[in-house]
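Just so we're on the same page: letters track the sequence lines, and every chain starts at 1.
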Amino acid sequence: MTTNTPQQRITELQLLLNRYGHEYYVLDSPSVPDAEYDRLFRELQTLEQQYPQWVTLDSPTHRVGAAPLSAFQSLKHKVPMLSLSNAFSDMQLSTREQRHAELLQFDERVVKGLACNPVEYATEPKFDGLAISLVYENGLLSYAATRGDGITGENVTENIRTIRSIPLNLLAAPSLLEVRGEVLMLKRDFEQLNLDQAARGEKIFANPRNAAAGSLRQLDSRTTASRRLSFFAYAIAQVEGVNWPSSHQAEMDWLQTLGFALVAPALRPVVHGVDGLIHYYEHVLAQRADLPFDIDGVVYKVNQRTQQNELGFVSRAPRWALAHKFPAEEALTIVEAIEEQVGRTGAITPVARLQAVFVGGVTVTNATLHNEDEIKRKDVRVGDTVIVRRAGDVIPEVVSVVLAQRPMQAGMGTDLFSPGEQPRYPAYQLPSHCPICHSPILREAGEAIARCSGGMVCQAQRSQAIQHFAGRRMMDIDGLGERYIDNLVDLGYVHSVADLYTLKLHDLLEMKRRADERDGVTPESVQKGQIASKWAENLLAGITASTQPSLARLLFALGIRHVGESTAKTLADWLGSLTLIRRAPATLFAVLPDIGDVVAESLANFFAEANNQAALDALLQHVRPVNEHPPAASLLERLQTAALLSKMGIPRLSELRSQQLAAQVDDLVKLASLERRAILNLTLPAEVINELADWLEQAGNRENLLQLAKLTAEILSHLPQQQQAAALTGKTLVLTGSLPNLSREQAKTLIEAAGGKVASSVSKKTDYVVAGAEAGSKLSKAEELGIVILDETGLQTLLATQTP
DNA sequence: AGCCCTCGAGTTCT
DNA sequence: CTCGAGGGCT
């Protein structure tokens with residue numbers, strides 16, 4: 001061996017070890033014995049310790065992990081990690097057409113969209129692991145992130161570095177490359193890990209997926225390094241510096257030459273037409289158990305990129321790809337009881353308590369039965385043997401009852417009970433009264449869900465209202481978990497959300513002590529007391545930290561029916577202040593975008609309730625929304641008399657007629673004060689006039705109109721004086737494809753800030769379409785309709801233009 | 001009147 | 001994640 005400088009030797013060892021590692025972990029064909037690898041590895045470690053100045057980021061020694069983090073940082077994806085549409089095959093059905101109905105539909109849509117048959121599809125197994133995005137800059141792994149919600153993930157770079165089958169530097173280096181793939185644990189590594197864990201008396205993982213997730217979520221990457229994780233690439237999200245390969249298959253082949261691990265080519269063939277897809281599905285399903293890793297289905301992608309672009313996206317999923325899931329694993333168990341849960345809105349949900357059964361990788365003991373009709377349809381009874389599965393691989397569900405195994409019923413000659421006795425296995429009956437507060441349970445006509453009528457009288461609803469209030473997306477009160485809320489409510493320390501803000505340290509400690517006593521938990525020692533007081537201090541800090549929410553969060557936190565995160569934001573953005581919102585009539589709410597009659601009524605009803613107003617007053621003693629502002633300038637056009645009139649629910653008053661009417665009585669006050677005679681003189685079709693006159697004479701309508709008029713005048717007077725319209729006031733834009741520098745969210749925020757509206761689909765009313773890379777069908781539609789199409793620069797220019 | 005999409009609400013387990 | 005309901009558009 002030639003002797004050279006330590007620096008040269010370090011580089012040499014790094015290259016060698018990276019090559020051997022690649023052979024071992026990616027190609028699965030090592031060219032040197034493990035002992036030789038270990039020897040070189042130790043030599044490199046020693047040298048690097050002596051000469052830390054020559055250690056590089058991509059050194060294989062970095063794979064042993066770095067110092068622990070205190071938390072993962074969140075990281076915004078440059079290109080969102082989309083999800084795929086799902087299809088299932090119903091194995092119960094006999095003909096191929098019935099079994100694969102959803103798959104056939106997919107192919108049909110693709111064929112139609114491309115005018116090409118048969119279409120060339122790239123296939124691959126659908127790994128049951130964790131989706132990860134890897135970003136390489138000039139060939140070096142610069143960061144790695146989890147999928148998260150698809151927009152924002154967590155920075156797990158340190159942990160990812162320890163995965164041997166992920167190259168730290170690429171064999172050829174585009175200036176930028178973002179690769180998507182799945183981190184998972186091979187079955188054999190999972191089994192070995194559990195053996196090791198058991199030997200050390202540590203926790204056993206339920207399945208490879210959980211083991212992989214648990215390992216990747218370690219804050220101490222040295223732990224991750226000790227677990228054997230694998231990575232398989234399946235997509236490219238960004239490339240710069242070289243041409244983007246022209247097909248999915250070419251992308252994959254290229255990734256392989258760069259050093260990424262892929263599944264064996266036989267498992268990812270390119271097939272033709274729907275027959276090819278079905279054949280591939282059956283083929284993979286048959287060998288599922290023999291694969292070295294868990295999969296939960298297969299994925300089909302239109303192979304040619306030009307065709308992918310042609311098909312584009314529907315909302316968040318590409319139209320050119322489909323995840324075809326295998327039927328979920330099913331298991332038999334017994335229904336031990338059916339109990340009712342009471343939700344935040346009083347919704348009564350029957351839940352089956354099941355004899356514990358292992359299915360789909362976890363032990364299931366509960367399964368929702370959704371509602372009364374669902375139970376009736378499936379006829380689930382206590383004592384029944386049922387088939388359960390994890391729907392969408394997450395939520396357990398009762399598929400059906402095995403009637404043949406239902407214990408014998410009355411009159412069937414059973415020895416279970418004597419003649420004349422009630423049948424022991426009666427059909428399920430929804431209780432008439434709430435199990436918690438005993439208020440009547442009511443079910444509105446046409447609704448699937450029955451609700452407890454107790455409102456805030458019901459302790460279940462009260463404590464869940466508080467839980468909702470404290471939630472992360474609402475007031476975000478740290479340290480206030482479900483159990484503590486229940487205790488605080490049960491023991492009478494908290495009756496409504498405002499009470500949270502007057503809690504004192506000694507209240508919390510006393511509550512804790514009483515709860516422990518009640519539950520028969522004896523406080524063991526002083527130490528335990530310290531833990532409790534630590535918890536109490538944290539909670540108080542969390543409560544204090546929540547006193548300055550945004551208006552939208554506060555509105556969402558109130559838990560008004562039909563008002564979620566997005567509606568709360570609409571209200572906050574358009575109306576701007578709680579003072580206005582809490583006394584607005586339904587019609588004003590209904591004027592806002594995406595708020596119709598039902599939501600508007602729900603809001604008005606909430607604020608019409610004296611108790612709610614009082615609770616809100618109490619809350620405002622402690623909490624102040626920080627970002628209240630005057631109503632949005634663009635509210636003006638929505639408040640024009642004609643717009644309001646068409647929202648008033650006056651029979652026969654269409655939008656057009658509303659405009660005609662508004663032209664004659666330009667103000668609601670005037671209209672409200674008109675005598676019947678005067679109305680009859682208006683120039684509108686006779687039947688409209690009559691209906692209008694009748695409507696005005698009906699109880700309350702005239703008053704409503706006046707109230708609305710007064711409020712409108714008041715709002716108008718609060719609107720910002722400078723009628724300098726923002727650049728995009730009243731314009732509707734549609735975004736399609738991905739923009740080079742702006743995420744969808746950012747673009748949307750900018751457009752809205754300029755007074756524009758972002759719609760999801762192109763129609764005649766669309767003013768501009770902003771198209772980026774991989775723009776889909778929305779672009780072609782825009783072209784058809786002759787709508788102005790902008791790129792990102794065009795959008796920026798437009799935003800910068802101030803129309804007077 | 002009917003279709004498509006988005007939003008809200010409910011749920012399980014680690 | 002999934003269902004159902006509400007809202008907006010054709």
Side-chain angles (χ1 to χ4, degrees), chain A residues 83-86 88 149-150 203-207 209-215 217 296 313-317 323 325 328 339-354 356-371 373-374 388-398 444 446-451 460-461 464-465 467-468 471 473-474 482 555-556 559-571 589-603 646-647 655 732 734 757-766 777-778 781 785:
Chain A
S83 45
L84 298 183
S85 321
N86 287 316
F88 298 88
D149 62 2
K203 169 181 130 185
I204 302 283
F205 292 97
N207 54 56
R209 205 202 112 84
N210 283 2
S215 305
R217 293 205 47 84
D296 55 3
F313 293 77
V314 222
S315 65
R316 275 189 292 283
K325 295 225 183 162
E339 289 169 14
E340 294 79 26
Q341 285 181 359
V342 185
R344 168 167 70 85
T345 61
I348 303 287
T349 313
V351 175
R353 308 284 175 213
L354 304 169
V357 60
F358 192 77
V359 54
V362 295
T363 307
V364 168
T365 52
N366 299 311
T368 175
L369 294 167
H370 297 113
N371 56 55
D373 294 345
E374 184 81 1
V388 286
R389 72 171 170 215
R390 294 215 300 152
D393 279 339
V394 191
I395 292 162
E397 111 185 303
V398 170
E444 299 275 316
E447 292 241 320
I449 290 164
R451 300 193 133 86
Q461 288 187 60
Q464 282 183 77
Q467 249 178 74
H468 172 79
R473 282 140 74 224
M474 304 78 177
E482 181 179 345
L555 282 168
F556 184 22
I560 304 164
R561 268 247 260 162
H562 298 124
V563 179
E565 201 166 17
S566 144
T567 306
K569 188 170 179 302
T570 305
L571 291 167
F589 294 125
V591 150
L592 303 183
D594 301 319
I595 295 181
D597 293 345
V598 176
V599 180
E601 279 300 326
S602 165
L603 277 156
S646 73
K647 284 274 176 188
E655 195 146 337
T732 301
V734 172
K757 190 185 155 174
V758 176
S760 59
S761 58
V762 178
S763 69
K764 277 186 302 195
K765 296 194 177 176
T766 311
S777 64
K778 285 187 268 191
K781 176 130 190 227
L785 295 171

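In plain terms, the two heavy atoms of Q461(A) and V342(A) that are nearest each other are CG-CG1, 4.0 Å. In plain terms, the two heavy atoms of N366(A) and L354(A) that are nearest each other are C-CD1, 4.2 Å.
Protein atom CG of N371(A) is 13 Å distant from nucleotide atom P of dG10(B), rounded to whole Å. The CZ atom of R209(A) sits 16 Å away from the P atom of dC13(B) (whole-angstrom rounding). Taking atom CG on D373(A) and atom P on dG4(C), their separation rounds to 10 Å, with Å as the unit. In this structure, CG of D597(A) is placed 7 Å from P of dG7(C), rounded to the nearest angstrom. Going from atom CZ of R390(A) over to atom P of dT12(B) covers 13 Å, rounded to whole Å. Note: CZ (R473(A)) to P (dG10(B)) measures 13 Å, nearest angstrom. Between the CD atom of E374(A) and the P atom of dT2(C) there is a distance of 14 Å, given to the nearest Å. Spacing between atom CG of L603(A) and atom C1' of dC7(B) amounts to 14 Å, rounded to whole angstrom units.
Regarding contacts with the backbone of dT11(B), every side-chain N or O of N366(A) stays at 4.0 angstrom or more from both OP1 and OP2. In this model, the phosphate group of dG10(B) is not approached by any side-chain N or O of Q341(A) to a distance below 4.0 Å at OP1 or OP2. The phosphate of dT12(B) (OP1 or OP2) has no side-chain N or O of T368(A) nearer than 4.0 angstrom. A sub-4.0 Å separation between OP1 or OP2 of dA9(B) and a side-chain N or O of R344(A) is present. Remark: T365(A) is in phosphate contact with dC13(B), judged by side-chain N or O atoms under 4.0 Å from OP1 or OP2.
Listed nucleotides: dA9(B), dG7(C), dT11(B). Nearest to the side chain of T349(A): dT11(B). Comparing dT12(B), dC13(B), dG8(B) by their closest approach to the side chain of T567(A) singles out dG8(B). Taking only side-chain atoms of D594(A), from C-beta outward, the nucleotide of dG8(C), dT11(B), dC13(B) with the closest atom is dG8(C). The side chain of S566(A) lies closest to dG8(B) when the candidates are dG8(B), dG6(C), dC13(B). You'll find that the side chain of A448(A) is closest to dA5(C), out of dA5(C), dT12(B), dG7(C). Side-chain proximity of T345(A) to dG10(B), dG6(C), dC13(B): nearest is dG10(B).
Along DNA chain B, the nucleotide nearest to T363(A) and the one nearest to G343(A) differ in position, and the one closer to the 5' end is contacted by G343(A).
Residue I449(A) is out of contact with every strand shown, counting any heavy-atom pair closer than 4.0 Å. Across all strands shown, E397(A) has no heavy atoms under 4.0 Å from either base or sugar-phosphate atoms.
In this structure a side-chain-to-backbone donor-acceptor pair under 3.5 Å is present from S215(A) to A211(A). The closest donor-acceptor contact from the side chain of H468(A) to the backbone of F556(A) lies under 3.5 Å. A donor-acceptor pair is defined here as one N or O able to donate and one able to accept, closer than 3.5 Å; no such pair exists between the side chain of T363(A) and the backbone of A356(A).
Between R451(A) and T345(A) there is a side-chain heavy-atom pair separated by less than 4.5 Å.
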